[in-house]
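First the structure, in the form of structure tokens, and then the observations on it.
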Protein chains: 2
Amino acid sequence: MRMGRPREFDAETALDQAMEVFWRHGYEGATIAQLTEAMGINPPSLYACFGNKEGLLKAALDRYTKLRNIWMDEVVAAPTARAVAERMLMGIADKQTDPANPPGCLLVQGGVACGTGSENVPFELAARRAQNEEQLRDRFVRAKAEGDLKESADPAALARYVSAVSVGMGVMASSGADREALRQVADVAVQAVEAQSTKR
Amino acid sequence: MRMGRPREFDAETALDQAMEVFWRHGYEGATIAQLTEAMGINPPSLYACFGNKEGLLKAALDRYTKLRNIWMDEVVAAPTARAVAERMLMGIADKQTDPANPPGCLLVQGGVACGTGSENVPFELAARRAQNEEQLRDRFVRAKAEGDLKESADPAALARYVSAVSVGMGVMASSGADREALRQVADVAVQAVEAQSTKR
DNA sequence: CCAGATATGTAGTGTTCACTACAGATGTGG
DNA sequence: CCACATCTGTAGTGAACACTACATATCTGG
């Protein structure tokens, strides 16, 4: 098999730069010119490697969720439902205000509403948020089986709740809320999970 | 004073139509063509009346928040902090899944991240969300003064929390969550407020 | 009924967008 | 060293965008 000229840029490094542009400006707000400049490549290289703008977004989302899933594995490793919620939401407060990244969460900032022709994008983001929620739900199902959550507790509702709070915190972060403000939200939010927990 | 030819469309009716387009597609995703068609007018009428696209958005936001504030007044009229939170979040669950409107909340769907040249839009939305949060905070301050909330409770944090949950619910609604799913989230969320309340 | 003022519809304007044709560069297999 | 495959940079492409010039229509004040 003939190989041809090898690619001169690293795809993952380039994706990290593209991720940041989508994160800051959203899918529709990000232009190919901004993306190629951030990635340090020219348009033909982008299209050869990722197909089109939406393909680039998906690749960036894949990378984002891959990194995030590693962290989520640590989150659900916490010993109790309450500890899972706390670790998750406090971590979110830190991550979404980390100056190394744009504020907020790519899975929201990417675009919750898009124009004609990009209707797919919000679905794509929602699907990845749903993955997170499922992971939480599975963890809360286990927590209930372990007697960690009350008999009356609904693991799916709890997971949806924690997911909703984290999304809300992300929007707040993107509009200027600082780490401390988000941690206060997380602190209150955890108490709802605690209310569903068996006493310790 | 000379009056000239009178306007042939009703500005508020037209705004309602524009609001829906922004709500469904976001600021950047909404095109002037879609807006004018929905409003039943031609571009020159739009620009004469609202200045430009961003002016139209602001006018639509004004109308949106005006209607919403009427509802918020009812919310904060609830007798206790817990009742306020419940009335607010349960109402949000209903409103954000009302088939009469696009799903979710205009103050989020409008655009949490925008491209170069529209950086103002996310700020504009955030400012109006902040108004809501302030109203909640004032109510919770009163609740604490009335002995309805514990001495350890932080009214500002509680308000930020309720605001975050409602934003999170909005994003969920926009990605397909139904009324019942949102009411479950609201139900869990209220328990955190309850945990900050004095016993009854 | 006339003069001035404002609104409307048609038909554009220049700009920016996502995307690509093409030619030259750089690799591999024989 | 050659045939071929793939990548890269330059320089565009048509389409869609927000916005507007202009002629016409419809009002008010006098």
Side-chain angles (χ1 to χ4, degrees), chain A residues 1-15 17-19 21-22 24-61 110-111 113-121 124, chain B residues 1-15 17-19 21-22 24-61 110-111 113-121 124:
Chain A
M1 173 194 181
R2 311 296 182 91
M3 281 294 293
R5 179 174 176 175
R7 179 178 297 143
E8 289 185 6
F9 63 96
D10 177 60
E12 291 208 330
T13 307
L15 265 185
Q17 306 307 317
M19 199 197 306
V21 176
F22 282 131
R24 197 173 299 279
H25 297 293
Y27 176 74
E28 296 192 312
T31 70
I32 297 291
Q34 287 173 326
L35 290 163
T36 51
E37 178 171 358
M39 298 166 86
I41 61 177
N42 289 307
S45 298
L46 190 159
Y47 285 89
C49 190
F50 302 104
N52 56 19
K53 190 182 178 186
E54 195 171 325
L56 175 61
L57 175 71
K58 286 185 188 170
L61 291 177
C114 277
T116 310
S118 307
E119 297 91 347
N120 237 29
V121 170
E124 202 69 41
Chain B
M1 175 197 179
R2 308 298 181 91
M3 282 292 294
R5 179 175 176 176
R7 180 177 296 141
E8 289 184 5
F9 63 95
D10 177 61
E12 291 209 330
T13 306
L15 266 184
Q17 306 307 316
M19 197 196 306
V21 176
F22 282 131
R24 199 174 295 281
H25 297 293
Y27 176 74
E28 296 191 312
T31 70
I32 298 291
Q34 287 172 324
L35 290 164
T36 52
E37 178 171 358
M39 299 166 84
I41 62 177
N42 289 307
S45 299
L46 189 160
Y47 284 89
C49 189
F50 302 104
N52 56 20
K53 190 182 178 184
E54 195 170 327
L56 175 62
L57 175 71
K58 287 185 187 170
L61 290 177
C114 278
T116 310
S118 308
E119 297 91 346
N120 238 27
V121 170
E124 202 68 40

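Just the heavy atoms: all of them, side chains too, but no hydrogens, waters or symmetry mates, feed the values below. Chain naming here is simple, since letters A, B, ... match the order of the sequence lines and numbering starts at 1 in each.
Taking atom CZ on A:F9 and atom P on D:dT8, their separation rounds to 5 Å, with Å as the unit. Across the protein-nucleic acid pair, A:M3 atom CE and C:dG27 atom C1' stand 8 Å apart, rounded to whole Å. Nucleotide D:dA16 holds its P atom 12 Å from the CD atom of B:Q34, rounded to whole Å. Nucleotide C:dT10 holds its P atom 14 Å from the CD atom of B:E37, rounded to whole Å. Distance CZ (B:R5) to P (C:dT6): 14 Å, rounded to an integer number of Å. Atom pair B:E8:CD and C:dT8:P shows a separation of 5 Å (rounding to whole Å applied). The distance between atom CD1 of B:I32 and atom C1' of C:dT15, rounded to the nearest whole Å, is 15 Å. Rounded to an integer number of Å, the gap from B:H25 NE2 to D:dC17 C1' is 15 Å.
The minimum heavy-atom distance linking B:F22 with B:K53 is given by the pair CZ-O, 4.1 Å. The nearest pair of heavy atoms linking B:G110 to B:V121 is O-CG1, 4.4 Å. In plain terms, the two heavy atoms of B:F9 and B:A14 that are nearest each other are CD1-CB, 3.9 Å. Contact detail for B:V21 and B:A30: the closest heavy-atom pair is CG1-CB, 3.7 Å. Of all non-hydrogen atoms in A:A113 and B:G26, the two that sit nearest each other are CB-N, 3.7 Å.
For the segment residues 38-50 of chain B, residues with any heavy atom less than 4.0 angstrom from an atom of DNA chain C are, sorted by number, B:N42, B:P44, B:S45.
Summarising the local packing, CD of A:E37 is surrounded by 12 or fewer heavy atoms from other residues, nucleotides or ligands at distances under 6.0 Å.
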